[in-house]
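To start, the structure itself, in structure tokens.
Quantities reported herein were computed from a predicted structural model and do not represent experimental measurements. For reference, positions follow the sequence shown, starting with 1.
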Amino acid sequence: MAYNISALPVYNDETSRAFMTRAILGAQTIKMLLDANAFDGTAKGNKAVQLANTDVQIQDGSTCGRNALGDTVLAEAILSIKDLKVNLNYCARDLEKTYAVQDMKAKMAGQVYDDALFLDYIGTEVSDKVQAALEQMIWKGDKASGATATLKQIDGFVKQITGSTYVHLSGGTSGDTISQLQAFDLQMPVEVANKEDYRIFIGTDTYRKYVSQIAAKNLFNPNDQLTLWGSVSKLAPVDGLNGTNAVVATRMSQLQAGGELQDVALTNKYSMETEQVYFDSRFSLGVVPIYTDLIGYGTIK
């Protein structure tokens, strides 16, 4: 990659400038999982998530003696962390015939251009876009699909949930987001739905439809906007599910993730061999749903 100047007119002089960057989607899921202690920020390679499921049986205690009933099933879910990177190359000479020539005069005297222009702007925008891309990977990642190079890096939660045994969510009136979400919620096992960290994950686009339908029906809603109307369950809108109409109902502790994301900010260095400035970042990410038979999945019709 490099400076793409195809959209720039030729300028001979111009004063200093500030850039307006394009709006991008958010990155809500990692923050939610961090807050729920479901994200391991030091995970590398393959990490085993330890699982324990104990069968407890209540017995008649009116007589003496001991009769052991029930056992504990120990298992592991493997959280696979994928190493990821961003590499960008910038050649300052690409900008000599553009307005940026004035910036070059001020910053790069002579003919050795050992720095790049506008790195602060570029670095901030790239970092934001990486975070947004990770949000998409967490939910929509699919290593076997013909999707973008980014989404093919890992299998996201949706791919792993739907590839296992899960609670099939359905019902409600087609076109009525409110009734469908209510029906989905009622199909979830009570032992899951009554936990404090239970959430109904939906795309931000689905949430916008839900809110508009609440307003159109003029429904009295004493709850906060993130509580599903007519229930006590919490909605969790995330941009990673946009465009899918997907609904994932689960405890947040059942969505395990990890990776080293603290270095998403980019570093730069000059290459004498290529006379370009390299802009690089390395980080990692992996996700795994656990006890998928207690995770609900469906789509809004």
Side-chain angles (χ1 to χ4, degrees), residues 28-39 49 51-56 73 75 77 79 135 138-140 155-211 213-214 217 219 221-257 287-301:
Q28 305 94 338
T29 304
I30 290 176
K31 184 179 185 305
M32 290 184 191
L33 296 181
L34 280 168
D35 291 344
N37 294 317
F39 191 97
V49 179
L51 308 178
N53 183 20
T54 301
D55 174 31
V56 176
V73 178
L79 173 62
E135 170 73 18
I138 285 172
W139 290 103
K140 300 182 202 173
D155 283 335
F157 284 131
V158 170
K159 172 73 178 294
Q160 295 186 57
I161 291 168
T162 56
S164 304
T165 301
Y166 62 93
V167 180
H168 291 261
L169 304 179
S170 61
T173 304
S174 179
D176 187 340
T177 303
I178 301 169
S179 72
Q180 290 180 76
L181 288 174
Q182 290 173 333
F184 289 6
D185 181 43
L186 291 175
Q187 291 173 36
M188 288 299 296
V190 175
E191 62 268 28
V192 174
N194 68 354
K195 294 296 189 291
E196 186 177 349
D197 66 341
Y198 171 69
R199 296 291 185 275
I200 302 173
F201 289 90
I202 56 176
T204 307
D205 53 354
T206 298
Y207 179 67
R208 286 167 59 86
K209 291 178 184 178
Y210 163 80
V211 172
Q213 290 180 9
I214 289 284
K217 291 177 182 289
L219 297 174
N221 186 8
N223 301 321
D224 67 87
Q225 283 194 317
L226 291 177
T227 299
L228 175 61
W229 188 81
S231 80
V232 295
S233 300
K234 295 289 186 180
L235 298 171
V238 293
D239 287 336
L241 288 174
N242 285 352
T244 66
N245 291 325
V247 177
V248 177
T250 181
R251 297 183 62 185
M252 285 194 288
S253 57
Q254 291 177 257
L255 301 178
Q256 292 291 311
V287 303
V288 63
I290 60 173
Y291 296 125
T292 59
D293 59 314
L294 296 177
I295 296 178
Y297 177 83
T299 55
I300 297 294
K301 307 297 185 183

> Which is it for Phe39 and Met32 under the side chain to side chain contact (heavy atoms under 4.5 Å, CB included) test, yes or no, and what are the steps along the way?
Replying inline: CA-CA 9 Å; Phe39 191 97; Met32 290 184 191; over 6 Å; no
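Checked against Ile200 for a side-chain contact (heavy atoms from CB on, under 4.5 Å), the options Ser231, Ser233, Pro237 give a single hit: Ser233.
Gln225 places no side-chain N or O within donor-acceptor distance of the main-chain N or O of Val211, the cut-off being under 3.5 Å. Side chain of Ser179 to backbone of Thr173: a donor-acceptor contact under 3.5 angstrom is found. A donor-acceptor pair under 3.5 Å links the side-chain atoms of Asn242 to the main chain of Asp205, judged by distance alone.
Not counting sequence neighbours, the partners of Phe201 by the ring-ring contact (aromatic ring centres under 6.0 Å, His included) test are Trp139.
The shortest side-chain heavy-atom distance between Ser170 and Gln187 falls under the 4.5 Å cut-off. Counting heavy atoms from C-beta on, the side chains of Leu241 and Val158 come closer than 4.5 Å. With contacts defined as side-chain heavy-atom distances shorter than 4.5 Å, the pair Asn245/Thr206 qualifies.
Annotation: the span from Glu196 atom CD to Lys234 atom NZ amounts to 10.5 Å, rounded to 0.5 Å. Atoms CD1 and CD, from Ile202 and Gln180 in turn, are 11.5 Å apart once rounded to the nearest 0.5 Å. Here Asn194 contributes atom CG and Tyr198 contributes atom OH; the two are 10.5 Å apart, rounded to the nearest 0.5 Å.
Screening residues 158-175 for salt bridge (charged side-chain N to carboxylate O under 4.0 Å, His left out) gives Asp142-Lys159, Asp155-Lys159 as the qualifying pairs, with residues at least two apart or on separate chains.
In Glu191, the CD atom is crowded: over 12 heavy atoms of neighbouring residues, nucleotides or ligands sit closer than 6.0 Å.
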Could you list the donor-acceptor pairs under 3.5 angstrom formed by side chains in residues 288-298, with sequence neighbours left out?
{"from": "Tyr291", "atom 1": "OH", "to": "Ala52", "atom 2": "N", "distance (Å)": "3.2"}
{"from": "Tyr291", "atom 1": "OH", "to": "Ala52", "atom 2": "O", "distance (Å)": "3.2"}
{"from": "Thr292", "atom 1": "OG1", "to": "Thr165", "atom 2": "O", "distance (Å)": "2.8"}

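In summary, Lys31 and Asp35 engage in a salt bridge, as defined by a charged side-chain N under 4.0 Å from a carboxylate O.
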